[in-house]
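In what follows, residues are counted from 1 in the order of the sequence shown. Quick caveat: nothing in here was measured; it's all calculated off a predicted structure. In listed order, ligands and their atoms are each counted from 1.
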Amino acid sequence: MTESPSDTSSETRDRSILSESEGQSSFSSLSSSPARESCSLLPQPFTPATLLGPERDGPSLPAGLPCLPKNDNPRVVADQDIETPDNWVKRNPNLIRLTGKHPFNTEARLPDLFKAGFLTPAHLHFVRNHGAVPRVSDEERDSWKIRVHGLVEREVDFSIEDLARLFPVVTLPVTLVCAGNRRKEQNVVRKSLGFSWGAAGVSTALWTGVYLSDVLDYVRPVRGKAKYVVFEGGDSLPNGPYGTSQKLTWARNKDKGMLIAWAMNGLPLEPDHGYPVRVVIPGQIGGRSVKWLRRIEVSHQESQHYLHFWDNKVLPTQVLPDQARGEKHWWYDPRYIITELNVNSAIARPDHEEILSLDVDSGEYIVEGYAYSGGGRRVTRVELSLDQGETWKIAEINYPEDMFRAVCHTDPVYGTLDLTERDTSFCWCFWSFRVRHSVLAECDAIMVRAMDEGLVLQPRDMYWSALGMMNNWWFRIAISKTTVDGRTQLRFEHPTLAGAASGGWMERMKNEGTDILKPSWGANGAGSLSSRAPAPAQETPMTKPNVNRNITMSEVQNQDRAMPWFVVKGEVYDGTAFLDEHPGGGDSILLVAGEDATEDFMAIHSPEGRAKLAEHHIGTLVQRENAPTAAEPETDSAPENADVAFLDKKKWKSVQLTEIRQLNHDCWIYRFSLPAESQPLGLPVGQHVFVRLRRKDTSELVQRAYTPVSWHGALGAVEFLIKIYYPSPGYPAGGKMTSGFHQLAIGDTVEMKGPLGSFEWKGNGTAMWKGVERRINKLGLICGGSGVTPILQVLRRVLHDKTDKTTQLWLLSANKTEADILCREELDALHAAHGTDRFRLHYTLGHVPSKWKYGIGRINEAMISQHMPGPSDDGLILVCGPDGMISQTVKPSLRRLGWDIERSLVVF
Ligand code: MTE
């Protein structure tokens, strides 16, 4: 039975109340006055400063401790958030958003973070959210419970007030670091599975709460059986709530400093940081510090939460992203999990693009930065090299965390801030190195590395891995020199810029063809580094070595359509051979005939697809004077004319998402508005459009062909029915495109291009198929799952066509469960309106409900024979569904039933 700590008298924090006889009363009593009084143990008012409005800072700290940071609380919701589920969270608009608008993943500009000092104000603290922030009202906050259960002798639901009342309240300074900090450097080498953190995915705050070990002592884990403590957050993510775990022995060890925390720098947590309560795990990656804490389970096994396995890993360097995606065992191998942070450091000053005018006689410059390590280990050494790793000099280190070791401070909000008997180092330290301008004048790069008290030194070489995590090779700044008015100026270049911004020496040198895993600069450095680095960076070659023909863009454009040429990355390819064999159909080649297809091609092809392209390489694009250039397939921004159809075969055009409607557990309708309200889409019945979008998590551009589900004649808008392929153990990465759809928020845009397809239902019993017009009287339609969309377009056009009184229709729709049958209401209504003579409708299901009058099981030959028309000259079958259904069942069955499938089967 779950206990509830009773509302004791306001004699709070008396450990005697932790007796077994306590804790039986109902929680409703917490709204009574004694418990209310105990609120004084929490920062008051207990509402995030940004939600409350007034300027607020936490209670000040005594002299001798680092200063409390000045909050610059955002007052309004940032524009980018307005159309997202987080449109109530007030955020600093100057942070760098790393995954577009939503979810919110962000870091400050490195100089801003560094300037803020030891304690980071909430408005500059990095944020890592996997989904929308749970919105917690005052009432919900008051009744928020953390359920502690599992292998414990007493299961308890704690409110935050209970925790504050039952256990000593403590404050610890703790640096949180995202495991992806500095990932952009790995992504420049080779794109990993994660988004591009710069070097500011690290921040420090005073966290106030209670020790997890005290709570565990109270609930008494079952000896011998209990091994792990599992935490679960209150956010809703596609694969269930965020959760992860700790070994019980570590969680019970107070020296590890694990907290259940409700305040940050003396103020209630901000929504982005876990309001009203979170876990803080010092010395480990930020991913272990579960926000919006709902549940703690003491268990015999580690967390079974999806992201506990499918995130936060350093996989062996040879495992490339596609392989990792496809092979589950890497993720479940306990050897690859990341727990403690590794030693790391970065240079904050000089900043990227900083210019220094040298005064070689007397000038001095102070190079500065941060360093941290994991597991409570102290950074014992920070070294700088000004000669590219030949020699190293020791930097000064300042450990502001040590200031807390000298003073014991007690306060109603912070509780006890006492590090006097704590040896662990859970915070970043700052280092500096004074260097004469005359020395910098001779220097081509500055490099930094740190060592911790485990004598672990940051490595020279990058350990690239599929998730790009824990990147801690030497942080290097390149220096270039120019002379202005007789004075030498140095320009400093960081390795990368956070997020999508381009810049930094890594990208530049990669473009110049330099091996960026063995970087060296100037004469001093050339060849001075030999690399033992893994070499995952090789780009797939897309050219043939002996091809040296020069081709102009006008030659490409004037090529016969039967033998289409196109351009990718400045090279020309002959697409003729692809017309038949391309998995996306010949149309996808014809759409880019005569064009620069770089963006389209790179968006959807794997290294294998790219390697195949090399076989069709015929030359290199050259530009003649005044010849048209290989224009980027840019999005068209010309004003729209409402009378002219929206779609353009040659140009990507943007549409804006205005509505998302959920149909069932995995299917959604996405409605996009066209630029002009009364504009037709311009899509013939039976044809499709290409849709492309940029994934927010990976920044990848992905595109697929879709048939809208909106009415053929609809004006000013278009709707797509999308079945989302969520990540699952058998399909770990989820659908590449549909995951991108799932990330979209109202107001986002995608691009469309088309029409595309060789079939068209022209109306009045006429079809156009492979360029030949045919009279059709019998139309068989077969679809599986979301393959209903092109079928529905044709069906509607026939049955709503006043000039067509004769075309007969047969529809066979296969689905897993009844709930999966899409657009069923409309199908049934059409069937009811037109009768079986005109429209025969049959469904088949993998799992049938108790009352079911249609078919059972997968489509088979008998079903096709019974529910499709027989072969005839005026008959045609249209099919859309999974490849297996079409190639293994539909095609062979139709053949055996006497259909000439070359002539009479249209596969969408
Ligand atoms: N907790 C929940 N419930 N949901 C999340 O998405 N992200 C984790 C962790 N806790 C996350 C979470 C990750 S990966 C990190 S790095 C830290 O929160 C970031 O904490 P912050 O956003 O307060 O800086």
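Under the side-chain contact (heavy atoms from CB on, under 4.5 Å) criterion, Tyr332 pairs with Phe309, Trp310, Lys328, not counting sequence neighbours. With sequence neighbours excluded, no residue forms a salt bridge (charged side-chain N to carboxylate O under 4.0 Å, His left out) with Asp311. In this structure, the side-chain contact (heavy atoms from CB on, under 4.5 Å) partners of Thr339, at least two apart in sequence or on a different chain, are Trp250, Gln284, Ile337.
Ligand 1 lies under 4.0 Å from heavy atoms of His125, Phe126, Val127, Arg128, Asn129, His130, Cys178, Gly233, Asp235, Tyr242, Asp272, His273, Arg278, Gly286, Gly287, Ser289, Val290, Lys291, Trp292.
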Audit row: Lys291, Asn129, side-chain hydrogen bond (donor to acceptor under 3.5 Å, both in side chains) steps and yes/no: CA-CA 9 Å; Lys291 302 192 269 192; Asn129 292 342; 2.7 Å; yes
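What you find for Val152 and Val298 is that their closest heavy atoms are CG1-CG2, 3.5 Å.
Judged by the 6.0 Å distance and 45° axis criteria, Arg378 is positioned over the aromatic ring of Tyr399.
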